[in-house]
A.B. asks: 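I am attaching a structure below and will ask some questions about it afterwards.
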Amino acid sequence: MACNVMSAQTRGATLTPWTYQPGPLGADDVRVKVVTCGICHSDIHMIDNDWHISTYPLVPGHEVVGLVEEIGASVRHLLVGDRVGIGWQRGACLQCPDCLRGDENLCPENRATIVGAHGGFADYLDVDSRFAFKLPDGVSSVSGGPLLCGGVTVYSALRHAGMTSGQNVGVIGVGGLGHMAVLFAAKLGNRVTVFTTSDDKAEFAARLGAHEAVNTRTGEIACSRPLDVLINTVAAPLDWEAYIKTLGSDGTLTFVGIPDEPASIPLIWLMARRRRVTASPIGGRAIMEEMLRTADNFGVEPIVEVFPMARANDAIQKVRDNTIRYRAVLEA
Ligand code: NAP
Ligand code: ZN
């Protein structure tokens, strides 16, 4: 059997069709026939080797929804025909204190779907079944992919920063991750303020459930109510001092988008109101299940633009140009 994929043969390259032979299916693995795959900005960071961990040929794709076609000898929790999702993580030791707590994303041996392995811009993908999540019936195949990386990343970051309900929550950047942060925070009963550089997104924010939108290209970084939780989804240096000042006492700024240069945050503005700054990577298996349940129960449906797999390059260009509204999804 061969996997037919779209791959970058060199750093920054346009994707081209390519084929590879997967190894034998491991005892804990499943073979998944890909149905859809979202495009996360991390795929583009990997194509461009922004993090100096890429190897080529690189097959992007870590927001995968597919149907289980074959199961390894030890797999008990999935059946052939099950609809599953696969996100950024494809493995962990499953024995360290972090893994035992359900924080597999913090495991020192965590392995990523598209680092040292080929991803989901493909017709088939073999993965460790412990990192393939059965999707609730209420989560559609085009919604499922974006939730598996972008969704769990913002949900976990917001929860670990203390988000419950009835709070004031801010979201910086309304891209793939940012719009899902607005959806989760608003559907769970919070008052949401978005900070965006896009005129149309400022106008559309209310339709996502936001109560207030600040266009930071034309307006001041400020907010009508002190924020309890503020999440940054932008990978560019911003005026962090101004953002810290939007937090109320004991408020938390959590980073999921990481600027490519060190952030300068004056500690005096943290001390003055006992504010916190933190950062959060994806989410472990326990919060992944919780996020999927929450998305199902509260109708959190990412807004997507669907492209056939053969048009992956057009979709990637739209993400680069920030003209996607709000997540690009490829159909295999
Ligand atoms: P995306 O869809 O491209 O969205 C990024 C948004 O950032 C844009 O839509 C835009 O929002 C804003 N933006 C972009 N350039 C900007 C600039 N120069 N100044 C101000 N705002 C800018 O990307 P994504 O898929 O949501 O991913 C966002 C970041 O999170 C990426 O760096 C990705 O690698 C990272 N990520 C982290 C994790 C994690 O585990 N922590 C997981 C997944 C992704 P507006 O148009 O609203 O301004
Ligand atoms: Zn991602």
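All ligand and atom numbering here is 1-based and tracks the order in the structure.
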A.B. asks: Is the shortest heavy-atom distance from the side chain of Val152 to the side chain of Leu147 under 4.5 Å?
C.D. replies: no

A.B. asks: Check whether any side-chain heavy atom of Ile316 sits under 4.5 Å from a side-chain heavy atom of Ile47, and report yes or no.
C.D. replies: yes

A.B. asks: Could you tell me if the ring centre of Trp18 sits under 6.0 Å from that of Tyr56?
C.D. replies: no

A.B. asks: Are Phe195 and Tyr243 an aromatic pair, judged by ring center distance below 6.0 Å?
C.D. replies: yes

A.B. asks: State whether Asp200 and Arg325 are salt-bridged, where the test is any N-O pair (Lys NZ or Arg NE/NH1/NH2 against Asp/Glu carboxylate O) under 4.0 Å.
C.D. replies: yes

A.B. asks: Only one of Tyr155, Phe133, Phe131 forms a side-chain contact (heavy atoms from CB on, under 4.5 Å) with Met288, so which one is it?
C.D. replies: Phe133

A.B. asks: Among Leu78, Leu135, Val35, which residue satisfies the side-chain contact (heavy atoms from CB on, under 4.5 Å) criterion with Val84?
C.D. replies: Leu78

A.B. asks: Tabulated below should be the N or O atoms of ligand 1 paired with protein N or O atoms at under 3.5 Å; can you produce that?
C.D. replies:
from, atom 1, to, atom 2, distance (Å)
ligand 1, 2 (O), Gly176, N, 2.8
ligand 1, 3 (O), His41, ND1, 2.6
ligand 1, 9 (O), Lys201, NZ, 2.9
ligand 1, 9 (O), Asn322, OD1, 2.9
ligand 1, 11 (O), Val174, N, 3.4
ligand 1, 25 (O), His41, N, 2.9
ligand 1, 25 (O), Arg327, NH1, 2.6
ligand 1, 26 (O), Gly176, N, 3.4
ligand 1, 26 (O), Leu177, N, 2.8
ligand 1, 32 (O), His45, NE2, 2.9
ligand 1, 34 (O), Ser42, OG, 2.8
ligand 1, 34 (O), His45, NE2, 3.4
ligand 1, 40 (O), Ile282, N, 2.7
ligand 1, 41 (N), Val256, O, 3.0
ligand 1, 41 (N), Ser280, O, 3.0
ligand 1, 46 (O), Ser198, OG, 2.6
ligand 1, 46 (O), Lys201, NZ, 2.8
ligand 1, 46 (O), Asn322, ND2, 3.0
ligand 1, 47 (O), Val174, N, 2.8
ligand 1, 47 (O), Thr196, OG1, 2.6
ligand 1, 48 (O), Thr197, N, 2.8
ligand 1, 48 (O), Thr197, OG1, 2.6

A.B. asks: Between His41 and the Zn ion (ligand 2), is there a contact where an N/O/S atom of the residue lies under 2.8 Å from the metal?
C.D. replies: no

A.B. asks: Please state the angle at the Zn ion (ligand 2) spanned by NE2 of His62 and SG of Cys149: what is it, rounded to 10 degrees?
C.D. replies: 110°

